[in-house]
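Letters go in sequence order (proteins before strands), and every chain restarts at 1.
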Amino acid sequence: MSRYNVRDNEEHWRRAWAERRAFAVTEDPAKPKYYVLEMFPYPSGRLHVGHVRNYTMGDVLARYKRARGFNVLHPMGWDAFGLPAENAAIASNVHPRDWTYENIAVMGEQLRRMGIAYDWDREIATCHPEYYRHEQKMFLDFLRAGLAYRKESWVNWDPVENTVLANEQVIDGRGWRSGAPVERRRLSQWFFKITEFADDLLNAIKTLDRWPERVRLMQENWIGRSEGARFRFRLSGRPDGIEVYSTRPDTLFGASFVAVSPNHPLAEELARRDPKAAAFIQECNRLGTSEAVIEAAEKLGFDTGLKAVHPFDDGWELPVYIANFVLMEYGTGAIFGCPAHDQRDLDFARKYGLPVVPVVAPPDGDAATFAVADEAYTGPGRMINSRFLDGLDVPDAKRRVVGELERLDAGTGEVQYRLRDWGVSRQRYWGCPIPIVHCEACGIVPVPEADLPVRLPDDVTFDKPGNPLDHHPTWKHVACPGCGAPARRETDTFDTFVESSWYFLRYCSARDPAAFDRKAVDYWMPVDQYIGGVEHAVLHLLYSRFFLRALSRCGYLDMAEPFAGLFTQGMVCHETYQDGDGRWLFPEEVCRGEDGAVVTIEGRRPVAVGRSEKMSKSKKNVVGLEAIVDSYGADTARLFLLSDSPPERDLEWTDGGAEGVWRFINRVWRLVTESPVALPAAEAPRPAVLDADAEAALRLVHKTIRWVTEDLEGFRFNKAVARIREMVNAVAELDPRGAGAGWVLRQGCEATVRLLAPMTPHLSEALWKELGHAPLLVDSPWPAADESLLVDDTVTLAVQVNGKLRGTVELPRDAERGLVERAALALPAVSRLAEGRPPRKVVVVPNRIVNVVV
RNA sequence: GCCCCUGUGGCGAAAUGGUAGACGCGGCAGACUCAAAAUCUGUUGCCCGCGAGGGCGUGUUGGUUCGAGUCCGACCAGGGGCACCA
């Protein structure tokens, strides 16, 4: 019995593809194009099996589409700027650039060994000046077009590290590294005006019909269009007022307080006079900027003592609070609270003893007795306790209130978006420099295009807190491009989402002196199938959609949507292991002891087995690629990643599962190379006689070709693999002495090898040659099913009595109804249950089921 | 807090409203072997029964239907997202 020599074979065929430059493509107007793209990785170190699932899926699609005759663009590159490189620099004293490029080299080699069909000629790294110089030019064009601007905004500030923190770096209100209490702080930053396109970004979601529903929903919620009213409360005893925004102006007569954000100008004004207000605001600022944290925190308020006057009743005064749950970024940073019909307001009112007056009565409730206890009523209904609104339903009341506010010149109806402009400034070193000079005399001056790129300096140190660009002795000192006076460079760098917002355009003409060649982009774009994690469902995808609109407005191209099809794959998970001291252990550090309990290999100490979680370095529950590829080969890893779970769901990596795939690969190898009968030539005609088994197997082969094709088109890789296994089982069971068995076996082997090719390309290429074919399989077309073999002459119908299965009957396909009924009623189990009575009803679903109702 | 998703054998999972558990992992029994590994064969939802067979079963609970894992309502459990990680 031979064993598939995975090492030699995989290496050999990869070389054959490389020598042929099989996956290098150019624009070819004669062929339909297909652009397959997996979200490019951040070069964080080494790949583990969890990383390569989406690349494998993309590769299956790329190879499949190629076999279907498409001109397939399938590129790969590196999202190479980012924080981990700086963390590495601080932790192990390596330069972010060196660290990044070393990781790229390692990970690139790992991807090559997976046999993924990339056009490596188009490889890009976003940290390369030849990449980011174009981004700097785009920024300048955005600036000119009014799509980039500067304003102040709130950030999480670590006072010890002198740096801005991401929400995930804020743990229980403290900086992750320093442990210092985090402050909310105002900083002058660069923004992209994504809100300019809010309406279009929202409306166009409807056109993205090959995107997952859930991603579209997340984007809709993110943009968060709401219709409401913006209006003023006058403040008693003060000349100014408070402008509020509300989506429920209909509930205005249920108002019991007005609240402003801790960062509202009024709050800040009060803080300057009142130390208690200042202390409260400082307390709120401890919460950081995360909406999740703010909204989940206990509702707290500070009574300012000010009174707001109800817009429709001069004699009605409402207390004004500073409240920790009011967000400055949304609406006007101030609200009125109607506790009966908003849960947050209700929690707040209960805490501070404010009135709860219901103003909307549920349609089926009694208006006179309707009261709110501890759950706000947010459903539809008719207005009560609301003067001129009484009796109206909620939408009419909204319109009426807005009309009245407008009549009194107190406010107006307004559409608001939750979407905020995209803050792109980062106080970091390892990012694309923002090409701006700050001059005392001229103000903000763009760097002239001739001076691009503004390169990152190499000689930086990470020994003190803050932004290394700011500490650099010379880099930021330049002459003003306008007046020549001494000036200073912008030391902020771009958010790394900026690079990933247009990299798919760069791939179209990766070495072009311009950002991209318009003709190439027009040929390849949009991306036909984009594949990546759902964690990018909102930001990356929305920013990319914004970028195409912004670039179009600046004359770069004429296109709004970058990704025609989107697929979000699930994560790869693995059990987690911890020793007695709570330290995480790698899977290869543990084994099963004699009694079945998990212990450390060294020392046999007990191990706590945790639940299966996404593979991550921090929890060490990772399986290295090398470990799998060295022992079982890339094809085993690929096939396992595709076979056990539906691609959109999480996959549990198990050693047993991987071994099972390895067994299957060897089974296929032996089926072809050690077939029990001599295979006739590939082009040998069908024998005149096939016995029944051979005929059935042949039909299954052709059905499998059809099913697998449909499954690949529909991203059902796990089912495609199951179908192929079923076919291999059937073909392997053929009696070799049967009439036509050899010929059918040949058909089965050919189909197996070709259908498996996108998933196990190395194995298939090797077996293709074993089957006597000379040209590379990678250049061969996809197999076609023989339509005449797809439909069987007889069908098995299930027979139910009162909905319960009692037997089956074999009948000719499309048998007429009377025959079907008679056959079903003739079943002993049916007549027994009928007890001699005629059936009350017989439901016949042609070719499927008969249900006898007695 | 708000929004969203998922619950099917010991495990990963299949199943246009129509034979629940395809395919695989694991287990059990057997063949080959001096033995083991590898490979192959059989078996494997649960309960009752010697058997033929019967009963029960898709998180819980109601409903729609000739028929519900699938549709609708309520509930329970687990997970994800919420703007400087990428």
Side-chain angles (χ1 to χ4, degrees), chain A residues 1 3 39-42 44 79 81-84 87 155-156 163-170 189 213-214 217-218 220-222 224 289-299 325 329 343-344 347 418-428 495-497 500 532-540 542 571 611 613 640 643-646 649-661 663-664 666-667 670 716 718-726 729 732 796-808 829 839-845 847-854:
Chain A
M1 185 177 69
R3 212 162 142 118
M39 291 180 184
F40 67 163
Y42 179 77
S44 58
D79 189 13
F81 275 135
L83 199 51
N87 290 337
V155 295
N156 298 311
T163 186
V164 176
L165 297 177
N167 282 330
E168 72 153 18
Q169 296 172 324
V170 180
Q189 311 220 65
E213 187 54 41
R214 129 171 119 121
L217 192 66
M218 283 168 86
E220 275 173 23
N221 291 341
W222 188 266
T289 61
S290 159
E291 188 178 319
V293 170
I294 291 170
E295 293 235 26
E298 189 191 1
K299 308 285 173 281
F325 62 92
E329 285 83 7
Q343 193 59 46
R344 287 173 304 185
D347 295 344
R418 200 185 81 99
L419 181 69
R420 308 200 295 258
D421 278 337
W422 173 15
V424 293
S425 288
R426 297 291 181 271
Q427 294 68 42
R428 304 267 155 77
D495 177 5
T496 57
F497 275 125
S500 56
V534 72
E535 65 271 21
H536 291 294
V538 177
L539 294 184
H540 161 57
L542 194 65
M571 302 177 298
R611 69 186 184 92
E613 292 184 60
F640 181 65
S643 58
D644 243 27
S645 290
R649 256 207 257 173
D650 288 352
L651 171 81
E652 174 77 13
W653 181 277
T654 60
D655 293 344
E659 278 160 27
V661 169
R663 274 200 296 275
F664 173 70
N666 279 286
R667 246 185 108 206
R670 287 193 305 270
R716 294 180 294 266
N718 56 325
K719 289 181 64 182
V721 174
R723 298 293 196 193
I724 295 171
R725 294 185 92 125
E726 246 177 317
N729 289 345
T796 307
L797 282 91
V799 179
Q800 298 179 335
V801 177
N802 293 339
K804 267 185 179 299
L805 181 73
R806 295 297 166 179
T808 59
R840 288 201 294 159
K841 186 175 175 185
V842 180
V843 179
V844 177
V845 181
N847 300 323
R848 297 227 107 184
I849 202 162
V850 185
N851 190 11
V852 181
V853 184
V854 296

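- With sequence neighbours left out, the side chain to side chain contact (heavy atoms under 4.5 Å, CB included) criterion links Leu805(A) to Ala798(A).
- Counting atom types as modelled, Arg806(A) pairs no side-chain N or O with a base atom of rU19(B) as donor and acceptor under 3.5 Å.
- For the C1' atoms, the distance linking rG62(B) with rC11(B) amounts to 32 Å, nearest Å.
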TODO: Report the C-alpha separation of Arg840(A) and Asn802(A) in whole Å, then their side-chain angles, then the decisive distance to 0.1 Å, and conclude whether the side chain to side chain donor-acceptor pair (under 3.5 Å) test is met.
DONE: CA-CA 10 Å; Arg840(A) 288 201 294 159; Asn802(A) 293 339; 5.9 Å; no
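- Every residue two or more places apart in sequence or in another chain was checked for a salt bridge (Lys or Arg N to Asp or Glu O under 4.0 Å) with Glu329(A), and none qualifies.
- Between rA15(B) and Lys719(A), a contact under 4.0 Å exists linking OP1 or OP2 to a side-chain N or O.
- Mapped onto RNA chain B by nearest heavy atom, Val799(A) and Gly423(A) fall at different nucleotides, with Val799(A) at the one closer to the 5' end.
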Output one line per pair: protein atom, nucleotide atom from nucleotides 44-47 of chain B, and distance, for all N/O pairs under 3.5 Å.
none

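- When the P atom of rG1(B) is taken as reference, atom CG of Asp347(A) falls 9 Å away, rounded to whole Å.
- If you take atom C1' in rG59(B) and the same atom in rC76(B), they sit 7 Å apart, rounded to whole Å.
- The ring-ring contact (aromatic ring centres under 6.0 Å, His included) search around His540(A) returns Tyr530(A), His536(A), not counting sequence neighbours.
- The side chain of Thr796(A) lies closest to rU19(B) when the candidates are rA86(B), rU19(B), rA83(B).
- Not a single donor-acceptor pair under 3.5 Å links the side chain of Asn718(A) to the backbone N or O of Asp644(A).
- Atom P of nucleotide rA86(B) and atom CH2 of Trp422(A) are separated by 12 Å, given to the nearest angstrom.
- The P atoms of rG10(B) and rU44(B) are separated by 15 Å, rounded to the nearest whole Å.
- When the P atom is compared between rA22(B) and rU16(B), the two are found 15 Å apart, to the nearest whole Å.
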Atom pairs, protein N/O to nucleotides 23-26 of chain B N/O, distance under 3.5 Å:
{"residue": "rG24(B)", "atom": "OP1", "partner": "Asn729(A)", "partner atom": "ND2", "Å": "3.2"}
{"residue": "rC25(B)", "atom": "OP1", "partner": "Arg663(A)", "partner atom": "NH2", "Å": "2.8"}
{"residue": "rG26(B)", "atom": "OP2", "partner": "Arg663(A)", "partner atom": "NH2", "Å": "3.1"}

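- Rounded to whole Å, the distance from CG on Asp495(A) to C1' on rA83(B) is 10 Å.
- Judged by distance alone with a 3.5 Å cut-off, no donor-acceptor contact links the side chain of Arg344(A) to the base of rC2(B).
- Between rC82(B) and Ser290(A), no contact under 4.0 Å exists linking OP1 or OP2 to a side-chain N or O.
- Between rC71(B) and rG1(B), the distance separating the two P atoms is 28 Å to the nearest Å.
- Contact check for Gln427(A) versus Val155(A): no side-chain heavy atoms found under the 4.5 Å cut-off.
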Task: Canonical and wobble pairing (Watson-Crick, G-U, under 3.5 Å) of RNA chain B, dot-bracket with | - done: (((((((..(((.....[....)))((((((.......))))))((((....))))..(((((..]....))))))))))))....
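- Interatomic distance, CG of Asn847(A) versus CG of Leu797(A), reported as 6.5 Å (0.5 Å rounding).
- Between the CG atom of Asp347(A) and the CZ atom of Arg344(A) there is a distance of 10.0 Å, given to the nearest 0.5 Å.
- When the P atom of rA83(B) is taken as reference, atom CG of Asn156(A) falls 9 Å away, rounded to whole Å.
- Formation of a donor-acceptor pair under 3.5 Å by the Asn851(A) side chain with backbone atoms of Gly803(A) is found in this model.
- Residue Asp650(A) contributes atom CG, which lies 12 Å from atom C1' of rG12(B) at whole-angstrom precision.
- Heavy-atom distances to RNA chain B give each of Arg848(A) and Lys804(A) a nearest nucleotide, and the one nearer the 5′ end belongs to Arg848(A).
- In this structure, CG on Asp650(A) lies 11.0 Å from CD on Glu613(A), to the nearest 0.5 angstrom.
- The separation of rG78(B) from rU41(B), taken at their P atoms, amounts to 43 Å, rounded to a whole angstrom.
- Applying the ring-ring contact (aromatic ring centres under 6.0 Å, His included) criterion to Phe497(A), with sequence neighbours excluded, gives Tyr543(A).
- Listed candidates were rG1(B), rC84(B), rU19(B). Nearest to the side chain of Leu805(A) is rU19(B).
- If you take OH of Tyr42(A) and C1' of rC84(B), they are 14 Å apart, rounded to a whole angstrom.
- The distance from atom CD of Glu652(A) to atom P of rA13(B) is 9 Å, rounded to the nearest whole Å.
- Of the candidates rA20(B), rG1(B), rA14(B), the closest approach to any side-chain atom of Asn718(A) belongs to rA14(B).
- Asn156(A) pairs by the side chain to side chain contact (heavy atoms under 4.5 Å, CB included) definition with Leu165(A), Asn167(A), Val170(A), Val182(A), Thr289(A), not counting sequence neighbours.
- Contact check for Gln169(A) versus Val164(A): no side-chain heavy atoms found under the 4.5 Å cut-off.
- For the C1' atom pair drawn from rC5(B) and rG9(B), the interatomic distance equals 24 Å after rounding to whole Å.
- Arg426(A) is linked by a side chain to side chain contact (heavy atoms under 4.5 Å, CB included) to Arg428(A), Thr493(A), Asp495(A), counting only residues two or more places apart in sequence or in another chain.
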Heteroatom pairs (N/O) under 3.5 angstrom, protein to nucleotides 3-6 of chain B:
{"residue": "rC3(B)", "atom": "O2'", "partner": "Asn221(A)", "partner atom": "ND2", "Å": "2.7"}

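- In this structure, rG9(B) is classed as syn because its glycosidic torsion stays within 90° of zero.
- Judged as a side chain to side chain contact (heavy atoms under 4.5 Å, CB included), and not counting sequence neighbours, the contacts of Ser643(A) are Phe640(A), Val661(A), Val721(A).
- Residue Leu539(A) holds its CG atom at 9.5 Å from OG of Ser500(A), rounded to the nearest 0.5 Å.
- The separation of rC4(B) from rU43(B), taken at their P atoms, amounts to 48 Å, rounded to a whole angstrom.
- Of the candidates rU19(B), rG12(B), rC82(B), the closest approach to any side-chain atom of Ala292(A) belongs to rC82(B).
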Quick test: give all pairs of protein nitrogen or oxygen and nucleotides 64-70 of chain B nitrogen or oxygen below 3.5 Å, distance rounded to 0.1 Å.
{"residue": "rC66(B)", "atom": "O2'", "partner": "Asn851(A)", "partner atom": "ND2", "Å": "3.1"}
{"residue": "rC66(B)", "atom": "O2", "partner": "Asn851(A)", "partner atom": "ND2", "Å": "2.5"}

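- In this structure, CZ of Arg670(A) is placed 9 Å from C1' of rC40(B), rounded to the nearest angstrom.
- Interatomic distance, CD1 of Ile294(A) versus NZ of Lys299(A), reported as 10.5 Å (0.5 Å rounding).
- Arg418(A) places a side-chain heavy atom less than 4.5 Å from the side chain of Trp222(A).
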